[in-house]
Amino acid sequence: MAAYLSRLHHISLHVSNVDKVAHELVSRFQFNVFAARLTDRAKQLALRRGSAVFVVNERPSEAPRRLNERQDLNCLYGAHAHYPVDTVSNVCFEVEDVQRASAALRDRGLCEFLQPPTEVADDSGRVTFSIIRSPVGNVCHTLIDRSRYQGLFLPGFHQVRTDSETAGRSQCPITHFDHITYACPRSSTAHITRWYRDTFGFQRFFIDRNEDVDEGYVLNHNGIGLRLTAMEYWKCSESGITLPFKDEQEPDCKFVIAESLPQQGRNQVDTFLDQHRGAGIQHIGLYTEDIVRTAQTLSLSGVQFFSPPPAYYTEVGKQDEIVAAGHDPHALSQYGILLDTDIHTDTDSQRYLLQVFTKPIFREDTFFLELIERRGATGFGEGNIRALWRSVQAYMENEERHETERENKQSTPS
Ligand SMILES: O=C(O)C(=O)Cc1ccc(O)cc1
Ligand SMILES: [Fe+2]
């Protein structure tokens with residue numbers, strides 16, 4: 001392994017209207033702006049809910065005119081990249097030694113650097129960071145060492161005081177990023193998993209007991225053409241020599257690669273690739289300790305969720321399953337929350353997974369968020385994946401039909 005990751009630090013969004021997206025995250029998703037960097041050339045806002053931190057950056061409206069413009073610190077800690085649509089494109093990890101990690105990656109020729117190791121300081125201390133390109137579309141990774149920094153967030157950002165984050169906690173107990181799902185072109189998964197393994201020591205984990213190591217988890221019938229491959233990183237300590245350890249205090253974030261399969265027609269992964277103009281982060285799962293309460297709070301503030309067909313909640317088996325898990329089918333159906341049960345074969349105990357997807361966040365049908373509550377289940381349930389897939393698919397097909405109708409109307413002279 002070349003670089004040791006200590007933890008996920010934040011995820012960056014690059015959007016044309018920072019205030020609009022930040023407002024959406026605050027007023028609807030109950031995030032709090034806690035730090036900002038505002039200069040005449042940059043607008044960067046950091047928002048938090050639990051340990052989940054987003055940095056919303058203003059993306060330049062045009063490509064840089066001079067090559068060295070990329071080097072300026074317009075978008076500090078993020079690559080100053082022009083991108084044609086709003087996008088979530090940087091997953092920033094803390095590492096113990098940026099210089100060493102970067103040198104190791106460079107020596108092994110594993111990745112392209114968008115920014116070599118760079119130091120930034122203010123009154124509260126200093127940080128070092130570098131930025132590398134990932135093999136997934138426009139996704140890059142900032143590697144940062146903030147062990148010599150005592151400030152609230154990062155040098156260059158000032159503190160923004162808002163109502164205490166704890167105020168809304170009981171109504172919206174989102175604690176951390178649970179997983180990041182990439183939408184990728186066909187046949188790209190093997191290359192991506194290999195890169196993450198060789199670069200950061202990511203390990204595969206199986207979504208399904210019968211999953212094939214090379215094929216991943218393939219859903220290829222009843223209109224679903226999806227290949228899912230999941231991997232996670234080991235939180236590592238360089239002082240721990242070579243043995244990685246798992247820190248139980250802070251759950252790590254999983255990564256899922258979604259690839260569409262050709263046999264079942266156009267689908268949501270293809271739609272993402274088209275509208276996003278390439279591979280990238282399709283959705284992020286926000287972990288909540290109480291999904292019903294969180295969905296209720298977010299729904300009251302205007303967040304819209306995808307819902308499965310109403311029949312999902314009245315199917316005899318599903319109703320019993322929901323009740324057995326201690327939930328009320330009516331409450332779940334109100335917000336479109338899905339439940340999957342899996343029996344733990346060793347202990348015979350049941351483990352549950354509850355999930356719901358939000359509608360896309362940007363103008364395009366690209367990035368969306370997910371709420372997820374785990375009751376012992378650590379992976380992803382097949383039943384939920386199918387139901388989530390169908391609810392998104394129905395919405396996208398409807399959107400595409402409306403779009404065609406609008407185009408037809410415009411081209412028909414009245
Ligand atoms: O189940 C999940 O949360 C996943 O992340 C799997 C997944 C990936 C892509 C889709 O379009 C739908 C489901
Ligand atoms: Fe997900």
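By convention here, the first residue in the shown sequence is residue 1. Just so you know, ligand 1 is whichever comes first in the structure, and atom 1 is the first atom listed for that ligand.
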Next item on the list: Can you sort out which atoms of ligand 1 are near Ile385, meaning under 4.0 Å from one of its heavy atoms?
Entry: 1 (O)

Note to self: Under a 4.0 angstrom heavy-atom cut-off, which atoms of ligand 1 come close to Leu388?
What the structure shows: 1 (O)

Margin query: Check this for me: Arg375, atom CZ, are more than 12 non-hydrogen atoms of other residues, nucleotides or ligands nearer than 6.0 Å?
Written below: no

Check: Hey, does Phe362 have a side-chain heavy atom less than 4.5 Å from the side chain of Val21?
Finding: yes

Checklist line | Asn384 heavy atom under 4.0 Å from ligand 1 | finding: no

Checklist line | Identity and distance of the protein heavy atom lying nearest atom 2 (C) of ligand 1 | finding: Gln355 NE2, 3.5 Å

Next item on the list: Could you tell me the separation between the CG atom of Leu13 and the CZ atom of Phe367, rounded to the nearest 0.5 Å?
Entry: 6.0 Å

Checklist line | Residue and atom names of protein N/O/S atoms that fall under 2.8 Å from the Fe ion (ligand 2) | finding: His179 NE2, His283 NE2, Glu370 OE1

Next item on the list: Look at the rings of Phe357 and Phe306 and say which category their plane angle falls in: under 30° parallel, 30 to 60° tilted, over 60° perpendicular.
Entry: perpendicular

Next item on the list: Please round to the nearest 0.5 Å and tell me the distance separating atom CD of Gln355 and atom CD1 of Ile337.
Entry: 11.0 Å

Next item on the list: Return the residue, atom name and 0.1 Å-rounded distance of the protein heavy atom closest to atom 11 (O) of ligand 1.
Entry: Gln268 OE1, 2.7 Å

Next item on the list: May I ask you to identify the nearest protein heavy atom to atom 13 (C) of ligand 1, giving residue, atom name and distance to one decimal place in Å?
Entry: Phe357 CZ, 4.0 Å

Notebook entry, point to check: Counting each atom of ligand 1 from 1 as listed, which ones have a heavy atom of Phe380 under 4.0 Å away?
Noted result: 1 (O), 2 (C), 3 (O)

Margin query: Any heavy-atom pair between the side chains of Ser391 and Ser307 that's under 4.5 Å?
Written below: no

Next item on the list: Output the distance between atom OH (Tyr312) and atom OG1 (Thr314), rounded to the nearest 0.5 Å.
Entry: 11.5 Å

Margin query: Could you measure the distance from the OG1 atom of Thr39 to the CD atom of Gln44? Nearest 0.5 Å is fine.
Written below: 8.0 Å

Note to self: So if I count the atoms of ligand 1 from 1 in the order they appear, which ones are less than 4.0 Å from some heavy atom of His283?
What the structure shows: 3 (O), 4 (C), 5 (O), 8 (C)

Item checked: Atoms of ligand 1 close to His179 [distance to a heavy atom under 4.0 angstrom, numbered from 1] -> 3 (O), 5 (O)

Next item on the list: Apply side-chain hydrogen bond (donor to acceptor under 3.5 Å, both in side chains) to Arg186 and Ser260, showing your working.
Entry: CA-CA 6 Å; Arg186 289 180 190 147; Ser260 90; 3.1 Å; yes

Checklist line | atom 9 (C) of ligand 1 - nearest protein heavy atom and its distance | finding: Gln282 OE1, 3.4 Å

Checklist line | Arg148-Thr128 side chain donor-acceptor pair, cut-off 3.5 Å | finding: yes

Next item on the list: To the nearest 0.5 angstrom, please state how far the OG atom of Ser12 sits from the OH atom of Tyr77.
Entry: 11.5 Å

Margin query: Do Glu382 and Asp208 make a side-chain contact, defined as non-hydrogen atoms from C-beta onward lying under 4.5 Å apart?
Written below: yes

Checklist line | Residue-ligand contact Val392/ligand 1, heavy atom below 4.0 Å | finding: no

Check: Does Thr181 come within less than 4.0 Å of ligand 1, judged by its heavy atoms?
Finding: yes

Item checked: From the candidates Val269, Leu353, Leu228, the one that places a heavy atom nearest atom 6 (C) of ligand 1 -> Leu228

